[in-house]
Amino acid sequence: MPRTESYDVIVVGGGVIGCATARELSTDHDVLVLEAGSAGGDTSPKASGLITTIPDFPDYPDACAHAMNFFHSYDGTGQFSLTQRPGIQLVSAEEESWGREHAAKMAGYGFDVTYLTAAEITDRYPDAFVLDEFVGGVEFVDCGWVDPYTYTMTLKADAEDNGARYETDMYVEAIETEDDTVTGVRVDGETIEAEHVVCATGWRTRGLLSDLVEVPVRPFRWQTVNLDVTREFGEAFPMAWDSHSGMYWRPEHNGDLHIGGGTYFVDTPEDRRSTITESFRKAVAETVVERVKDVEDARIKSEDCCPSGDAATPDDVPIIDAPPEAPDGLVVAITGPVGGIMCSPFVSTAVRSLITGESTPFPVEPYRLDRFEARSADFECAHVTDRTVPTE
C-alpha cells in the first residue's frame with residue numbers, strides 16, 4: 001500500500017554520498033533520504049577523512065579540481081573545517097622514474113605537485129621521515145583531511161535547510177517499477193513513490209538491485225589505529241603514504257598519529273568485526289618506526305575498522321550511472337575503495353546531471369557501468385591488499 005506522499009527523488013543511503021546528493025538536489029527537488037541505520041550511515045563516520053583526491057584520482061583531473069574547489073569553498077560552513085596539509089607519496093629506488101614522470105604529469109594539469117629527492121624532503125620536513133628505504137617522494141600540496149562525521153552532518157543539515165527529509169531505521173526492501181520505469185521504493189511492505197531513486201548504498205547495492213541490473217561491487221574493510229607518542233607534530237608535519245606498506249599516516253589535532261591500511265575483502269559482511277586484526281597491529285608496529293622519526297615509544301591508543309564493510313569496485317573508480325538497461329529513473333552512486341569523503345563533491349554533481357540533464361565541469365563517461373564487461377563480485381582491486389578475511 002503506498003504512503004500518501006511522493007517525492008521527486010528518493011536517495012537510498014544516508015552516508016556521505018547520500019547526504020551530498022541530497023544537498024545537491026534539494027535546492028529544486030523534493031528529496032527523501034532513507035537510511036537503514038542511524039544518521040550519517042554506518043561507514044562514513046568510520047572514515048579517516050583523507051582529502052587526497054588529486055593523488056588518488058590522477059587520471060581524472062577535472063573531477064579532482066571540482067572536488068578540491070568545493071572543499072575549499074565549503075571550509076567554515078557550520079562546524080565543518082578542512083585541515084590543509086601537504087601529502088607525500090614516498091618513492092623507492094625502483095619507483096623513482098615513475099615518481100618524476102608522475103609529478104610532471106600532475107603539474108601539467110595545473111596542480112601544485114613536485115618530485116623531491118630524499119635530501120629535499122629532509123630539508124623541507126626535517127622532523128618528519130626516516131628515509132632509509134626511499135630515494136624521494138612526490139609532494140602534493142593541495143591535500144588535507146576532515147572530520148568525516150562533522151562533514152557528513154553538515155551536508156545533511158544543508159540538505160534539510162533546503163527542504164530535504166531524512167528518515168532513519170528505514171530498510172529499503174526493493175525498488176518499485178512499472179513498465180520499466182522507477183515508481184518508488186518498498187519499505188516495510190509500503191510503497192513510497194518517487195520519479196527517481198538514487199542508490200547510494202555501497203556494497204549493498206548489488207543485492208538491492210539484483211533483479212534490475214548487475215553491479216560489480218563487494219565489501220571490504222579498512223583498518224586504522226591512533227598512536228600515542230611523546231613527540232609533537234607541528235603544523236608543518238605532512239601526511240604521507242607509500243606503496244610498499246600500503247599504509248598512510250597523518251597527525252591528529254590532539255597530538256596522536258593516525259595510521260590506516262590493512263585492507264581486506266569481507267566474504268561474510270554479517271561478521272561485524274569492530275577490532276583490527278593482529279596482522280595489521282604487527283605491521284603498524286614494524287612500519288611506523290621505519291618511516292616516521294622519533295616514534296619508538298608509540299603505543300596504540302585506539303583502533304577502529306568499519307564493521308559493516310566499505311565498497312570496492314574492480315578498477316577502484318566510482319560507479320555513477322543511470323544504466324540504460326536499468327529502469328528509467330534509477331541512478332547508481334558507488335564511490336569504490338578510495339573513499340566516499342573525498343569523492344563526494346564530484347559524485348553528487350554527476351548524480352545531479354544524470355537526473356536533470358545539466359552539464360558538468362568534468363566528464364561523467366568514465367564512471368559509467370558499461371565500462372565493465374564482466375560484472376561478477378569475484379574480483380581483485382589495487383586498493384584492497386588481501387583477498388580474504390584474516391582468520392585471527
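Counting begins at 1 with the first residue of the sequence.
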[X] [atom1]: over 12 foreign heavy atoms closer than 6.0 Å:
X	atom1	answer
F372	CZ	yes
E358	CD	yes
E235	CD	no
D179	CG	no
Q79	CD	no

Check: Going through the distances and angles, do N162 and H29 end up as a side chain to side chain contact (heavy atoms under 4.5 Å, CB included)?
Finding: CA-CA 9 Å; N162 291 336; H29 291 77; over 6 Å; no

Side chains of [X] and [Y], heavy atoms from C-beta outward: is any pair under 4.5 Å?
X	Y	value
V364	I320	no
E303	R281	yes
L227	W249	no
E133	E290	yes
I355	E195	no
P337	T263	no
H72	D142	yes
V185	M170	no

Keeping [X] on the side-chain end and [Y] on the backbone end, is there a donor-acceptor pair under 3.5 Å?
X	Y	answer
R250	R85	no
D188	E190	no
D56	V338	no
S353	A350	yes
Q223	T277	yes
D123	A119	no
T287	V284	no
D75	L82	yes
R231	K293	yes
S48	L50	no

How close do [X] and [Y] get, counting heavy atoms only, and between which atoms?
X	Y	answer
V11	A200	CG1-CB, 4.5 Å
R221	C305	CD-SG, 4.2 Å
V317	P366	CG1-O, 4.5 Å
I334	A311	CG2-CB, 4.0 Å
L116	E120	CA-OE1, 3.3 Å
T224	G260	CG2-CA, 4.0 Å

Atom [atom1] of [X] and atom [atom2] of [Y]: how far apart are they, to the nearest 0.5 Å?
X	Y	atom1	atom2	answer
E232	D294	CD	CG	12.0 Å
I88	E139	CD1	CD	4.5 Å
I192	E167	CD1	CD	5.5 Å
L212	T205	CG	OG1	12.0 Å
M153	E160	CE	CD	8.5 Å
I341	I17	CD1	CD1	8.0 Å

Shared hydrophobic cluster for [X] and [Y] (ILVMFWY, side-chain gaps under 4.5 Å):
X	Y	result
I300	V288	yes
V141	M106	no
Y115	W98	yes

Checklist line | Stepwise side chain to side chain contact (heavy atoms under 4.5 Å, CB included) check, I259 with R291 | finding: CA-CA 12 Å; I259 299 179; R291 287 159 171 75; over 6 Å; no

Test: [X] and [Y] ion pair at under 4.0 Å:
X	Y	value
E96	R100	yes
D321	R371	no
E365	R368	no

Notebook entry, point to check: Quick one: do the E178 and T183 side chains pair a donor with an acceptor below 3.5 Å?
Noted result: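 On atom types as modelled, these side chains do not qualify, holding no pair under 3.5 Å.
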
Margin query: Quiz question: by atom type and distance under 3.5 Å, do the side chains of S344 and Y151 form a donor-acceptor pair?
Written below: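 There is such a pair (donor and acceptor under 3.5 Å, judged by atom type) between the side chains of S344 and Y151.
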
Parallel, tilted or perpendicular: which describes the rings of [X] and [Y], with under 30° parallel and over 60° perpendicular?
X	Y	value
F111	Y109	perpendicular
F80	Y74	tilted
Y248	H258	tilted
F379	F265	perpendicular

Checklist line | Aromatic contact, F129 with F134 (centres under 6.0 Å) | finding: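 No.
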
Margin query: Using ring centroids (six-membered ring only for Trp), state whether F346 and Y60 fall under 6.0 Å.
Written below: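 Ring centroids of Y60 and F346 are no less than 6.0 Å from each other.
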
Notebook entry, point to check: Can F237 and V292 be said to form a side chain to side chain contact (heavy atoms under 4.5 Å, CB included), step by step?
Noted result: CA-CA 11 Å; F237 191 93; V292 183; 4.0 Å; yes

Checklist line | Name of the residue among E193, R165, H196 meeting side chain to side chain donor-acceptor pair (under 3.5 Å) with Y7 | finding: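 Among E193, R165, H196, the one meeting side chain to side chain donor-acceptor pair (under 3.5 Å) with Y7 is R165.
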
Note to self: Let's go through E214 and R206 carefully: what are the C-alpha distance in whole Å and the side-chain angles of both, what is the deciding distance for side chain to side chain contact (heavy atoms under 4.5 Å, CB included) to 0.1 Å, and is it a yes or a no?
What the structure shows: CA-CA 7 Å; E214 188 174 20; R206 184 175 178 84; 2.9 Å; yes

